[in-house]
Amino acid sequence: MDNFFKKHALKLKAIALILMLVIPFFLYTAAMQGSIVQIKLLLALMIGTMLFVLKKG
């Protein structure tokens, strides 16, 4: 598994950056609509992305 992360490090970092920039906008729209399920799902996705960046970044 480490070999996979080393081989695709730049792609994974780029994907994580894009996710961290895009998720807040989706989170805002979900909050404006009042969708609790979408908010929880997007918060979990954002937390997972940030933990990935902290661990592998």
Side-chain angles (χ1 to χ4, degrees):
M1 192 57 114
D2 265 348
N3 191 21
F4 175 80
F5 286 119
K6 288 179 185 176
K7 185 176 180 182
H8 300 287
L10 290 176
K11 291 178 188 175
L12 291 172
K13 287 181 182 180
I15 291 170
L17 175 64
I18 291 168
L19 283 174
M20 284 195 302
L21 292 173
V22 171
I23 290 173
F25 293 104
F26 288 127
L27 191 57
Y28 174 76
T29 57
M32 292 301 289
Q33 292 178 359
S35 178
I36 300 298
V37 174
Q38 285 180 343
I39 292 170
K40 288 182 181 180
L41 181 70
L42 288 169
L43 281 174
L45 183 62
M46 184 178 246
I47 290 168
T49 304
M50 288 181 177
L51 288 175
F52 170 78
V53 169
L54 286 174
K55 186 168 177 114
K56 296 292 180 183

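- The same ILVMFWY cluster, assembled from side-chain heavy atoms under 4.5 Å apart, contains both Met20 and Ile15.
- Heavy-atom neighbours of Leu54 CG from other residues, nucleotides or ligands within 6.0 Å: above the threshold of 12.
- The side chain to side chain contact (heavy atoms under 4.5 Å, CB included) with Lys11 is formed by just one residue from the set Lys7, Lys13, His8; it is His8.
- In this structure, CE on Met46 lies 6.0 Å from CG on Leu27, to the nearest 0.5 angstrom.
- Annotation for Phe26: atom CZ does not count as buried by contact number, only 12 or fewer foreign heavy atoms lying within 6.0 Å.
- The local environment of NZ in Lys40 is sparse, with at most 12 non-hydrogen atoms from other residues, nucleotides or ligands closer than 6.0 Å.
- Between atom OG1 of residue Thr49 and atom CD1 of residue Ile18 there is a gap of 11.5 Å, rounded to the nearest 0.5 Å.
- Taking Ile, Leu, Val, Met, Phe, Trp and Tyr as members and joining any whose side-chain heavy atoms lie under 4.5 Å apart, directly or through other members, the hydrophobic cluster of Tyr28 also contains Met32.
- Under the side chain to side chain contact (heavy atoms under 4.5 Å, CB included) rule, Phe52 has a single partner from Leu19, Leu12, Ile47, which is Leu12.
- Val22 and Leu43 fall within a single hydrophobic cluster, where Ile, Leu, Val, Met, Phe, Trp and Tyr side chains are chained together by heavy-atom contacts under 4.5 Å.
- Here the closest non-hydrogen pair linking Ile39 and Ala31 is CD1-CA, 3.6 Å.
- Ile23 and Ile36 are members of different hydrophobic clusters when ILVMFWY side chains are connected at heavy-atom separations under 4.5 Å.
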